[in-house]
Amino acid sequence: VQLQASGGGEVQAGGSLRLSCAASRNIRSFNNISWYRQAPGQQRELVAVIFRYGITHYADSVKGRFTISRDSAVNTVYLQMNNLRPEDTAVYYCKAVSNIDYWGQGTLVTVSS
């Protein structure tokens, strides 16, 4: 299984980005797909997750600003990020869970003040 993360870039505070995580197989076959992020010198943390039957969960720090969604027709999970803050700066990774965990390669998001 391959996960291809894309959509990162540089944006000013208050701006928006949409990340994409394209899977090489049917995303409905996974128990869940999530987005994590890792800032320099920090541990990787969960940002958002979408479960097989559509339930979503968000870290408190992004609630109301980020939205995770999926398009099964193109086997892609998205992370819409609005009202970005400098503290959102990190490398963002997607992870898909079935019997084992699969990680994408990461995409860098930089938010300037």
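Please read these numbers as outputs of a predicted model, since none were measured by experiment.
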Validation row: F30, V1 side chains within 4.5 angstrom (heavy atoms)
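Yes, their side chains come closer than 4.5 Å.
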Under the side-chain contact (heavy atoms from CB on, under 4.5 Å) rule, collect the residues that match up with [X], sequence neighbours excluded.
| X | value |
| --- | --- |
| N31 | R52, V97 |
| S61 | R37, A59 |
| S72 | I27, R28 |

Look at atom CD of Q2 and say whether more than 12 heavy atoms of other residues, nucleotides or ligands are closer to it than 6.0 Å.
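Not buried by this count: 12 neighbours or fewer within 6.0 Å.
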CD1 of I100: more than 12 outside heavy atoms within 6.0 angstrom?
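Yes, CD1 of I100 has more than 12 neighbouring heavy atoms, counting only those of other groups under 6.0 Å.
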Return all side-chain donor-acceptor pairs below 3.5 angstrom for residues 101-113, not counting sequence neighbours, or 'none' if the list is empty.
from: Q105; atom 1: OE1; to: A5; atom 2: N; distance (Å): 3.1
from: Q105; atom 1: NE2; to: A5; atom 2: O; distance (Å): 2.7
from: T107; atom 1: OG1; to: G8; atom 2: N; distance (Å): 3.0

Kindly say whether E87 contributes a backbone atom to a donor-acceptor pair with the side chain of T89 at under 3.5 angstrom?
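Such a contact is absent between T89 side chain and E87 backbone.
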Test V49 against T56 for side-chain contact (heavy atoms from CB on, under 4.5 Å), laying out the working first.
CA-CA 6 Å; V49 57; T56 59; over 6 Å; no
Pair W35-K95, side-chain contact (heavy atoms from CB on, under 4.5 Å): steps then yes or no:
CA-CA 6 Å; W35 286 97; K95 183 180 83 170; over 6 Å; no
Pair R85, D88 - check salt bridge (Lys or Arg N to Asp or Glu O under 4.0 Å), show working.
CA-CA 5 Å; R85 304 168 180 169; D88 295 318; 5.4 Å; no
With sequence neighbours excluded, give me every ring pair (Phe, Tyr, Trp, His ring centres under 6.0 Å) pair touching residues 55-85.
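Output for this query is empty, none listed.
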Which atom pairs, donor and acceptor, lie under 3.5 Å between side-chain atoms of residues 11-22 and protein residues at least two apart or in another chain?
from: S16; atom 1: OG; to: N82; atom 2: OD1; distance (Å): 3.0

For the hydrophobic clusters of this structure (ILVMFWY residues joined by side-chain heavy atoms under 4.5 Å, transitively), does one cluster hold both L3 and Y93?
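No.
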Please round to the nearest 0.5 Å and tell me the distance separating atom CD1 of I50 and atom CD1 of I33.
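That separation rounds to 8.0 Å.
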Decide yes or no on side-chain contact (heavy atoms from CB on, under 4.5 Å) for I68 and V77, but give the supporting numbers first.
CA-CA 7 Å; I68 190 169; V77 172; 3.8 Å; yes
Stepwise side-chain contact (heavy atoms from CB on, under 4.5 Å) test for Y36 and E45
CA-CA 5 Å; Y36 282 74; E45 63 175 357; 5.6 Å; no
